There are 2 protein chains.
Amino acid sequence: MPTTVTTVNVNGLRAAARKGFTAWLEGTAADIVCLQEVRAEPDRLPAEVREPEGWHTVHAPAAAKGRAGVALYTRQAPEAMRVGWGSDEFDASGRYVEADLPGLTVASLYLPSGEVGTERQSEKERFCKEFFLYLVQLRQRCAAQGREAVVCGDWNIAHREADLKNWRANTRNSGFLPEERAWLSSVFDEAGYVDVVRGLHPEGPGPYSWWSYRGKAFDNDSGWRIDYQVSTPALAARATSAVVERAATYDLRWSDHAPVTVTYDV
Amino acid sequence: MPTTVTTVNVNGLRAAARKGFTAWLEGTAADIVCLQEVRAEPDRLPAEVREPEGWHTVHAPAAAKGRAGVALYTRQAPEAMRVGWGSDEFDASGRYVEADLPGLTVASLYLPSGEVGTERQSEKERFCKEFFLYLVQLRQRCAAQGREAVVCGDWNIAHREADLKNWRANTRNSGFLPEERAWLSSVFDEAGYVDVVRGLHPEGPGPYSWWSYRGKAFDNDSGWRIDYQVSTPALAARATSAVVERAATYDLRWSDHAPVTVTYDV
DNA sequence: CGTCAAAAG
DNA sequence: CTTTAGACG
């Protein structure tokens, strides 16, 4: 029985809904949708966006209004859900929510974006450090429960040179720093997770999932692959297809990110 | 030789230009256009809006970015122009500019909007007090120079019951306070100016020139007549037509105010 | 370049 | 309800 999972950074769910997210959701075949950068308290979302007909939704807004915010939309009712991972600093930041479905834990992650030389980069580093420890715990817990896990979201790090158009120009920019790339490698090599999309598409460049709104980044396909489905190995082995739903034209976009959709044969 | 003068509060010239002001300006027969609430420094306006082909423009932005701002667009080059009237408090507030054309001084005025019980109402009162003294001076100067004068703009006061849809509900609201109405009467009765549009349309209600964006004010024609052409008597006597260019539908509006256009046979 | 909150109207 | 500046990304 196939299960399809989509992750997408909506860059403001209210704006995205006006521009096409609602139509996209109505048309999608996904069973699970992971959202990042909702940027609204649930009360401030139209009801048909907050809890659309046919979906169960879990919202984890940030304490700061208009910032971050993640959500999970599932066709099946979750057995359990958890906001954050027990972090004093990050649990109220609207950056992590997970839900248990039969045999599967699915998470929506919005890893902080950084800026070299600023406090935002330090925050990103602190987040990564804490979150790595949690990823190890998550794997152990899922193994003990006979569950698979997939952590979907905007990780704000391109892993390898094939994961962004202009890697040379970005070796000193947040999102492609050597230490960030090494951290992401440790998620795969030490914590034992798998980059599902790269597994199905071993050849780069791309597929990119984010194009800056600045300049002509979208038209030039000057993108980054920073949205991942990071899963337990057994689940990754059951992935049968992966696509990035890049909009046909600039004007048809409803976010600066595109949905990343994977079908798992589980 | 007829001269047509339009005054309109554009509620943000950048937004208005996107929504239809540019097309309106290209189609207008006016010789002189007085703008209020430009809400942009000239540098931040597209060149074709800041100084359109065929027009001479005078911009008087507010010191505070994004606030107030008046301008005059004339097909003929002005002989002189003056920003403010020599007021310590108001000259840099982007609320008054005047220009001399042959035989005529034309001004664009954006009188402060108030709110009862707040500092904004006190500011409006101070403005009115100072500006009345200037209006008297202006008349004397124009008389001495053999010039007519017309002060066009958003006066933010409805003069009489016929000048707003729901006058009873507004007797305690800024814009229709007894003292504001009395002040405007003094502009006519003591300073000796004439309300040109009311002269040509003695019967109310209306014509209204502003409808709040809130609620269904436009659809219900729940408007106010707060945009005036206030002229010297001899000029008013030469006015041959006056129209408020109310948009046909809500969606065709490019401001919450409508252009008020008068043709003078001078 | 685009989203959002807040202040202003 | 709409515009704008400013913060953030």
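The model shown is predicted, which means the values in this text are computed figures rather than measured ones. Chain naming here is simple, since letters A, B, ... match the order of the sequence lines and numbering starts at 1 in each.
- Note: Y213(A) and Y250(A) have perpendicular aromatic rings, judged against thresholds of 30 and 60 degrees for the angle between ring planes.
- Between G215(A) and A40(A), the one whose closest nucleotide on DNA chain C sits nearer the 5' end is G215(A).
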Would you mind writing out the side-chain donor-acceptor pairs for residues 90-98 of chain A within the sub-3.5 Å range, not counting sequence neighbours?
from: D91(A); atom 1: OD1; to: W85(A); atom 2: N; distance (Å): 2.9
from: D91(A); atom 1: OD1; to: G86(A); atom 2: N; distance (Å): 3.3
from: D91(A); atom 1: OD1; to: S87(A); atom 2: N; distance (Å): 2.9
from: D91(A); atom 1: OD2; to: G86(A); atom 2: N; distance (Å): 2.9
from: D91(A); atom 1: OD2; to: S87(A); atom 2: N; distance (Å): 2.9
from: S93(A); atom 1: OG; to: F90(A); atom 2: O; distance (Å): 2.6
from: R95(A); atom 1: NH1; to: Y110(A); atom 2: O; distance (Å): 3.1
from: Y96(A); atom 1: OH; to: E98(A); atom 2: OE1; distance (Å): 2.5
from: E98(A); atom 1: OE1; to: Y134(A); atom 2: OH; distance (Å): 2.7
from: E98(A); atom 1: OE2; to: R82(A); atom 2: NE; distance (Å): 2.6
from: E98(A); atom 1: OE2; to: R82(A); atom 2: NH2; distance (Å): 2.9
from: E98(A); atom 1: OE2; to: Y134(A); atom 2: OH; distance (Å): 2.8
from: E98(A); atom 1: OE2; to: R141(A); atom 2: NH2; distance (Å): 2.9

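- Side-chain contact check for T261(A) and E245(A): at least one donor-acceptor pair (N or O, by modelled atom type) lies under 3.5 Å.
- Reading DNA chain C from its 5' end, the first and the last nucleotide to sit under 4.0 Å from a heavy atom of chain A are dC1(C) to dA6(C).
- Ring-plane geometry between H257(B) and W210(B) is classed as tilted, the angle between the planes lying from 30 to 60 degrees on a 0 to 90 degree scale.
- Comparing R14(A) and R214(B) by the nucleotide of DNA chain C whose heavy atom lies nearest to each, the residue mapping closer to the 5' end is R14(A).
- Heavy-atom contacts from other residues, nucleotides or ligands closer than 6.0 Å to CG of D88(A) number 12 or fewer.
- In this structure, the side chains of S174(B) and E180(B) come closer than 4.5 Å at one or more pairs of heavy atoms.
- Taking 4.0 Å as the cutoff to heavy atoms of chain A, we find the contact window on DNA chain D bounded by dC8(D) to dG9(D).
- Atom CZ of R160(A) is surrounded by 12 or fewer heavy atoms from other residues, nucleotides or ligands within 6.0 Å.
- Electrostatic pairing of R181(A) and D163(A) does not count as a salt bridge here, judged by no charged N lying under 4.0 Å from a carboxylate O.
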